[in-house]
Number of protein chains: 2
Amino acid sequence: MENKRELFQVLTRRFGLLNKNCCSIGAVDISSVQSHILYEIDKQTSPSMQQIAEAIAMDITTFSRQIQTLIKMELVKKTPSSADKRVSILSLTVQGKFVATTIDESMNAYLEEVFSHMNEFERETVIRSIKLLNQAMSKSSVCCTPLL
Amino acid sequence: MENKRELFQVLTRRFGLLNKNCCSIGAVDISSVQSHILYEIDKQTSPSMQQIAEAIAMDITTFSRQIQTLIKMELVKKTPSSADKRVSILSLTVQGKFVATTIDESMNAYLEEVFSHMNEFERETVIRSIKLLNQAMSKSSVCCTPLL
DNA sequence: CTAATTACTTGCATAATGCAATTAATTAGA
DNA sequence: TCTAATTAATTGCATTATGCAAGTAATTAG
C-alpha cells in the first residue's frame, strides 16, 4: 500500500494555493478564510453566527471579528433574530452575493481547467472518489468534526 | 456535471482539520506549516532554504523566521554550504527526525482510519484518483506553482 | 575590479488566532 | 416569580504569522 501521507501532503499544498489565488475580485480582496465564510452564508438559510462558525470549524471569537470585517466591507449583513435577541442572523449583501458568486465561478473555472488535463473517464472517477473521500472523512472519528 | 467547487470546498476544509490535529507530539507542539517544513526537509537531500521555501510555496522571509523558530526548538539544523557561503543547508536534528517520523506515522494512521470506511475497491480508486488529481494540478497553469 | 545578482536576514506594519473575561438575553429550578 | 445557570456574541489581551522594503554578505558577470 502506498504512502498516503505523501499523496495528501502534496494535494493539501496545491489546494492551499488554489484557494489563495482565487479570492480577489476587482477591487475587493478577500482572504481564503473569508471566502469560506461567504460561501457558507450563501449556502445556509438564515444562519446564526454559531452555525457558520461551527460549519467552518472556526473559533467563535475569531469568527466574530471576521464578520465585523466583512460587514465593514459591505459584503455581509447582521440582523438580530426576532425569536432570540442574543442571536444574529447572517446574510450576504447584494455586493456580497456578487462576490460569492464570482468567486464560485472562478473557482469552478480553475477546477475545470485542472480537470481538462484528464479524459472523461478519469474525470468521472476522480469526482466519484472525492465524494467517497468526503463521506469517509465524515464517518471518521479522528477528524473533520464540522459535519456536513 | 456536478458542482466541483462544493466538493472541493468541503474536502479542503476537512483537510485543514486533519492537518491541524496532527501535529502535537508529546511536549512538542508544531503548527501545520511547520510540519510541512519538517516533511520537506526530511524528503529532500541537503536542501537550501530557497529550495524548501519554494517547495512549500512560502515567502522566503516568513520561511526564514519559521526556520529560526524550528532551530530554537532544536528540530532543525542550519549548516553553511562550503560551496557557496551564502547558502544554508537545512537538516533535521535527531529530535527533528523523530518528530517528523512520528507525525508521518500519526498522519498515516489517521488516513488509514479514514480509508477504513471504504472497501478495497474504493480505496484503490480513491488513491488512483488523488494521483490523477495531483498530476492534473501539476499540469495546470492556474495554480500550484510549487512543482512536484 | 566594479556592478549586478543572489541567499538570506531584519524592520516594520498588519492580520489572524484563541483563551479569558464581559455583556445581554434566555431558560431552569426553587 | 425571582434568582441562578446557560447561551450567543463581543472585547481585551498576548501571541504568532505574514509579506513588503531595505539591508548584509557572498558570488558572478562584464
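Chain letters run A, B, ... following the sequence lines, proteins first and then strands; every chain starts at 1. As the structure is a computational prediction, the values presented were derived from the model and not from experiment.
To the nearest 0.5 Å, the span separating CD1 on B/Ile41 from OG1 on B/Thr93 amounts to 10.0 Å. Rounded to the nearest 0.5 Å, atoms CG (A/Leu75) and OG (A/Ser35) are 11.5 Å apart. Atoms CG and CD, on A/Leu111 and B/Glu6 in that order, are 12.0 Å from each other to the nearest 0.5 Å. The CZ atom of B/Phe8 lies 6.0 Å from the CD1 atom of A/Ile127; values are rounded to the nearest 0.5 Å.
Using a cut-off of 4.0 Å between Lys/Arg side-chain N and Asp/Glu carboxylate O, A/Arg123 and A/Glu112 are scored as not salt-bridged. Electrostatic pairing of B/Glu40 and A/Arg13 counts as a salt bridge here, judged by a charged N lying under 4.0 Å from a carboxylate O.
A side-chain contact (heavy atoms from CB on, under 4.5 Å) with B/Ile130 holds for exactly one of A/Val10, A/Leu7, A/Val126, A/Ile130; it is A/Leu7.
The interatomic distance linking B/Met49 (CE) with D/dT24 (C1') rounds to 14 Å, in whole Å. Atom P of nucleotide C/dA20 and atom CD1 of A/Ile60 are separated by 17 Å, given to the nearest angstrom. To the nearest angstrom, C1' of C/dG18 lies 13 Å from CG of B/Asp29. D/dA17 atom P lies 14 Å from atom NE2 of B/His36, rounded to whole Å. Rounding to whole angstrom units, CD1 of residue B/Ile56 and P of D/dA17 are separated by 12 Å. Note: CG (A/Asp59) to P (D/dA14) measures 18 Å, nearest angstrom. Atom-to-atom, CZ of A/Phe63 to P of D/dT11 comes out at 15 Å; the value is rounded to the nearest Å. Rounded to whole Å, the distance from CD1 on A/Ile71 to C1' on D/dT10 is 12 Å.
A heavy atom lying under 4.0 Å from DNA chain C marks the following residues of residues 79-90 of chain B, by number: B/Arg86, B/Val87, B/Ser88.
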message: Strictly under 4.0 angstrom, non-hydrogen atoms only: write out the protein contact profile of nucleotides 11-16 of chain C, one letter per nucleotide from the 5' end, B, S or -.
response: BB---S
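Contact annotation: A/Gln68 reaches the phosphate of D/dT11 (side-chain N/O to OP1 or OP2, under 4.0 Å). Between B/Gln50 and C/dC8, a side-chain N or O to OP1/OP2 separation shorter than 4.0 Å is present.
Within the shown strands, C/dC1 is the pairing partner of D/dG30 under the Watson-Crick or G-U definition, both distances less than 3.5 Å.
Using modelled atom types, one finds no donor on one side chain facing an acceptor on the other under 3.5 Å when comparing B/His117 with A/Gln135.
B/Phe63 and B/Met49 get closest at one heavy-atom pair: CE2-O, 3.5 Å.
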